[in-house]
Amino acid sequence: MSGGGRGGGMKVLHVAEKPSVAKSVATILSRNNGGLRTREGRSRYNKIFEFSYSINGRPCHMLVTSVTGHLMELEFQDRYRKWHSCDPADLFHAPVHKFVPEDKLDIKRTLEEEARWCQWLVLWLDCDREGENIAFEVIEVCTAVNPHITIKRAHFSALIDREIHEAVQRLVEPNKCFADAVDARQEIDLRIGASFTRFQTMLLRDAFVIDFTTDDRNLVLSYGPCQFPTLGFVVERYWEIQAHEPEEFWTINCSHKSDEGIATFNWMRGHLFDYTCAVIIYEMCVQEPIATVTKVRQQEKLKYPPYPLNTIELEKRASRFFRMSSEHTMKVAEDLYQAGFISYPRTETDSFSQRTDLHAIVQEQQRHPVWGPYAQQLLEPGSGLWRNPGNGGHDDKAHPPIHPTKFSSGESGWSQDHHRLYELVVRHFLACVSQPAVGAETNVEIDIAGELFSASGRAILAKNYLDVYRFESWGSSTIPTYVSGQQFVPTSLTLDSGVTRPPPLLSEADLLSCMDKEGIGTDATMHDHIKKLLDRFYATKDSNMRFSPTNLGEALVMGYDDMGYKLWKPYLRAVMERDMKAVSEGTKSKAEVLTTSLQQMKACFVDARLNKVKLFEAMAVFFERSNRSGGDEQHAAGEVVRPCGLCQESDMVLRRNRDGNFMVGCMGYPQCRNAVWLPGSLSEAVVTTNICNTCTPGPVYMIQFKFRPLEIPPNYNANHLGCIGGCDEILRQLIEICGTGSRIPARGRGSSAPASNVQQSNSRHGEARHSACIHCHQTGHSSSDCPSQVSGSRSARRRGMNPQSGELSVPCSTCGTPCILRTANTANNRGRKFYSCQSQECNFFVWEDNLNNVTGGNAQRGRTSVSASNTSRSGDRGRGGRGGSRAATATATFVSATGEPVTGRRCFVCGDPSHFANVCPNRGS
DNA sequence: GCAAGGTC
């Protein structure tokens with residue numbers, strides 16, 4: 001028995017979600033009620049606190065302990081645990097059960113031991129759906145040993161005295177609806193995750209040469225309702241970049257130098273894509289280059305400090321300021337939290353409760369050698385530096401924003417990242433309670449020949465919070481003084497060119513924002529999903545902390561996209577979230593949601609499997625087929641031809657492979673790889689009821705073959721009743737003459753055409769005969785061919801980036817990598833083909849029509865001036881020597897109105913710094 | 001060997 005020295009009264013067992021909450025609750029409740037005793041439970045992390053207390057006037061002996069998050073896990077029954085134990089589609093209805101995993105058994109035993117002698121069980125789990133679900137796990141364990149225990153739920157929104165005392169006097173019933181919502185979520189996640197993961201892993205892993213080093217582990221191509229949409233964000237941005245078509249634009253810049261300094265005036269039209277227009281306007285300005293100041297405006301601008309820090313912001317800022325991964329940030333934050341230096345790091349809350357003693361937190365930091373003086377200044381009423389923190393609008397009702405809880409000037413065991421993160425938390429907190437920075441901005445507008453230009457300068461009047469928040473800056477710049485009506489001659493007036501740039505790859509902070517916006521994962525799990533992309537070789541992170549998909553990640557997304565499925569989009573999760581909400585509000589039952597949602601997902605799964613050729617094709621764009629043959633095709637049932645003589649366990653069936661070639665393979669694949677490949681010239685093959693009377697083991701059913709007459713020698717009959725058992729000499733000869741379809745030619749990325757899929761479509765239609773289209777519920781076609789479905793993004797992506805069919809390829813003149821032909825989809829150039837370099841590092845770009853001939857073709861487009869564009873980085877690798885080299889319509893007048901050479905800019909057509917693109921001799925028209 | 005969610 002545990003305990004000892006117990007006081008009298010009713011015995012009440014309190015269980016919190018984590019040890020820290022148990023400690024806080026016990027400390028608060030015991031404060032004025034005599035001694036708080038602590039003793040060990042069976043788990044070393046989860047202590048038991050004991051003290052006396054009165055609940056509604058009734059004296060109680062209180063025991064407060066904790067779990068560590070979920071106590072139980074959901075798993076398939078043993079019979080379904082092994083990957084080859086069942087068809088993955090069975091996982092949508094295979095029995096599942098909840099159990100306490102090995103590492104939680106200690107906690108379970110503590111609960112059992114303590115619950116046995118208590119009359120009440122009070123649940124202090126976090127007040128959210130997961131917390132309610134954990135509450136029911138605790139109830140299950142406790143009532144198993146003490147069926148008569150009275151169950152109560154404490155509702156609290158913060159770990160502060162008043163809340164906790166009130167909660168314990170106003171106990172309520174636990175909410176089964178909340179718990180049910182989580183049960184449904186868990187079951188759906190498990191079933192979808194396991195089925196799709198097994199399916200795509202078994203289908204693709206052995207079928208292609210995927211050469212990622214996996215330190216002895218088998219490569220797993222996992223699917224999950226959070227990880228896949230996360231991958232989707234990465235791939236989508238990558239495609240956006242790939243499909244970006246650089247467009248040349250023109251802008252007029254003006255500068256003015258006086259005794260007081262330089263002002264740079266920007267054209268208020270921004271930039272124009274129409275070269276002719278830009279030139280005309282520019283000529284006007286040059287001919288009458290007198291600037292008149294039309295407006296001088298001065299105003300005060302404030303730059304506000306950030307909101308109080310929550311988990312996502314902590315991760316984003318640590319990534320931006322220190323290039324720390326979100327996963328590492330959370331690990332370091334957890335260390336700091338465990339050691340008591342910062343508050344709980346997993347919180348959505350970004351506003352402080354009115355009751356938080358913010359001054360006390362600042363006070364502690366006054367001792368710090370670096371930011372201590374700032375903290376002191378903050379507390380001086382005369383400084384006027386203090387400001388009550390802003391409210392970010394989020395509150396998880398369980399935890400305050402992340403803030404320092406203990407002073408430290410650095411501990412000996414801290415790594416550099418521990419120092420940095422603690423400093424970030426402290427400085428962020430100090431910034432939150434500081435006045436905004438104040439700046440004086442001057443805006444000057446001028447008029448040159450009717451065109452408006454503007455320049456601005458800023459002087460920082462008070463840095464305020466920026467003094468302590470060294471991670472942010474606010475630039476100041478001075479410009480000469482101008483007065484309205486003043487006239488001057490610009491020092492320079494230039495017509496400059498530029499090209500539109502694609503958006504950058506997603507940074508970790510961007511990715512977190514996407515996930516946050518679309519509800520993918522929780523603040524406590526987002527970093528896990530990001531890490532999973534890297535662990536699964538779906539994405540990589542470059543030295544700038546930006547994410548690109550790997551070939552594997554891109555192929556998987558592309559495969560599902562080509563099926564017309566949004567499995568890689570956040571919608572699925574959004575639908576689930578809506579269902580969960582309905583369950584938690586009691587408007588839908590758990591069973592109802594599970595039934596419909598699993599039914600839909602299973603239909604989707606079955607359809608995806610019928611369309612697996614899309615996944616194969618997408619993979620084939622990037623990977624070579626392995627000679628380990630084609631994956632998980634054992635589920636494509638066919639007609640039985642004979643018992644397998646090799647494994648002597650399964651039948652051999654007639655099938656067509658993904659390229660439409662016939663083969664007879666063992667049902668026991670992949671354990672048994674016995675196969676007979678049939679001639680490539682076959683157009684039809686049907687198993688008959690005729691049995692061969694020579695071949696063994698039998699029965700060996702004969703096959704009615706129909707060959708394509710033009711593909712076999714004239715002395716052979718196109719129709720042939722044959723046997724695959726080895727007795728058929730004609731079949732043997734035709735196999736020798738025509739070959740078989742057992743090898744699919746290897747394809748590098750975009751180097752040759754995808755195999756014709758006409759025959760696969762036929763076979764797919766055949767399979768689809770038995771299953772209704774998921775979209776329109778009609779038979780006769782599969783969802784990917786459903787006429788009711790038009791996938792916008794899919795077709796956009798196709799227009800943008802599908803590898804071409806292999807007839808043309810140009811080497812990149814910058815880096816030599818073969819360029820892929822794409823089709824532009826921007827307003828000015830829709831349908832126009834261009835080549836661009838595949839390499840991320842290289843920005844090579846050229847229009848296809850400029851490669852061959854410059855004449856005509858583009859006249860229908862508004863913009864006719866640009867032939868080959870090339871970004872400034874490509875330097876001298878333009879299309880020199882090719883094309884019309886038509887003389888520019890004007891000369892160097894256009895470079896600078898004052899005749900001054902302009903440095904640091906070069907022609908983006910040929911890279912020559914001596915002229916701009918508008919006068920480039922290499923430009924076409 | 002599969003998910004995502006708690007938390008140590």
Side-chain angles (χ1 to χ4, degrees), chain A residues 16-22 41 43-47 66-76 80-86 88 90-92 94 96 98 100-101 103-104 106-107 125-126 128-138 178-179 181-203 205 214-230 311 330-331 333-335 337-339 344-347 396 398-399 515 519-529 531-532 535-536 567 572-573 576-577 580 601 605:
Chain A
E17 188 158 322
K18 40 190 162 281
S20 64
V21 173
S43 147
R44 52 188 280 242
Y45 301 110
N46 307 84
K47 313 281 182 211
S66 55
V67 288
T68 43
H70 276 286
L71 193 54
M72 296 180 171
E73 278 175 21
L74 192 67
E75 188 47 283
F76 291 107
Y80 297 90
R81 295 275 279 277
K82 284 215 160 58
W83 278 40
H84 285 98
S85 65
C86 65
D90 295 345
L91 297 177
F92 285 94
V96 289
K98 271 195 175 186
V100 179
D103 61 333
K104 298 289 175 72
D106 284 343
I107 298 174
L125 288 306
D126 292 357
D128 52 27
R129 292 202 300 242
E130 295 294 335
E132 212 67 16
N133 189 271
I134 301 171
F136 278 86
E137 294 174 354
V138 172
F178 270 43
V182 172
D183 279 345
R185 199 258 318 140
Q186 287 177 342
E187 196 173 324
I188 293 169
D189 283 347
L190 175 65
R191 293 184 187 281
I192 294 177
S195 56
F196 274 93
T197 299
R198 289 185 193 180
F199 159 67
Q200 65 186 24
T201 303
M202 295 194 289
L203 179 70
R205 185 182 58 199
T214 54
D215 51 38
D216 287 347
R217 283 174 303 133
N218 263 339
L219 184 72
V220 172
L221 308 186
S222 64
Y223 177 89
C226 285
Q227 53 178 276
F228 241 61
T230 306
T311 305
M330 290 313 289
K331 206 164 163 293
E334 182 67 26
D335 288 346
Y337 163 66
Q338 293 294 338
Y344 191 68
R346 287 180 286 275
T347 175
D396 63 14
H399 305 287
M515 297 171 76
I520 300 300
T522 67
D523 51 340
T525 60
M526 284 179 188
H527 65 270
D528 284 333
H529 302 311
K531 181 162 183 289
K532 185 146 280 176
D535 289 347
R536 296 288 190 218
L567 288 169
L572 177 64
R573 199 73 190 162
M576 269 169 71
E577 184 53 39
M580 297 311 100
M601 280 313 296
F605 176 86

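Just so we're on the same page: letters track the sequence lines, and every chain starts at 1. The analysis underlying the following values was restricted to heavy atoms, covering all of them including side chains, and did not include hydrogens, waters or symmetry mates.
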message: Does the plane of the ring in A:Phe199 sit parallel, tilted or perpendicular to the ring in A:Phe605? Use 30° and 60° as the thresholds.
response: perpendicular
A:Phe228 and A:Tyr223 aromatic ring geometry - parallel, tilted or perpendicular at 30°/60° bounds: tilted
field: Min side-chain heavy-atom separation A:Phe76-A:Leu190 under 4.5 Å
entry: yes
query: Within 45° of the axis and under 6.0 Å from the centre of the six-membered ring of A:Phe136, does NZ or CZ of A:Lys98 qualify?
result: no
What contact category does [X] fall into here, base, sugar-phosphate, or nothing, at under 4.0 angstrom with non-hydrogen atoms?
{"X": "A:Tyr223", "answer": "sugar-phosphate"}
{"X": "A:Arg573", "answer": "sugar-phosphate"}
{"X": "A:Asp528", "answer": "nothing"}
{"X": "A:Gly521", "answer": "sugar-phosphate"}
{"X": "A:Thr68", "answer": "base"}
{"X": "A:Tyr344", "answer": "sugar-phosphate"}
{"X": "A:Thr201", "answer": "base"}

NZ/NE/NH1/NH2 to OD/OE distance under 4.0 Å, A:Asp106 and A:Arg44: no
message: Quick check on A:Lys331: does its NZ atom have over 12 non-hydrogen neighbours (other residues, nucleotides or ligands) under 6.0 Å away?
response: no
message: For the NZ atom on A:Lys531, are there more than 12 heavy atoms of other groups (residues, nucleotides or ligands in this structure) within a distance under 6.0 Å?
response: no
- prompt: When you measure from the side chain of A:Glu132 to the backbone N and O of A:Phe178, does any donor-acceptor pair fall under 3.5 Å?
  reply: no
query: First and last nucleotide of DNA chain B in contact with chain A, 5' to 3', at under 4.0 Å to a heavy atom: what are they?
result: B:dG1 to B:dC8
query: Taking the nucleotide of DNA chain B with the closest heavy atom to each, which residue, A:Glu75 or A:Lys18, is nearer the 5' end?
result: A:Glu75
message: Quick check: on DNA chain B, is the nucleotide nearest A:Asp126 upstream (toward 5') of the one nearest A:Ala194, or the reverse? Name the residue that is more 5'.
response: A:Ala194
- request: Scan residues 183-192 of chain A against DNA chain B and write down, sorted by residue number, each residue with any heavy atom closer than 4.0 Å; if none is found, say none.
  value: A:Arg185, A:Gln186, A:Asp189, A:Leu190
message: The criterion is side chain to side chain contact (heavy atoms under 4.5 Å, CB included); which residues satisfy it with A:Glu73, sequence neighbours excluded?
response: A:Phe99, A:Pro101
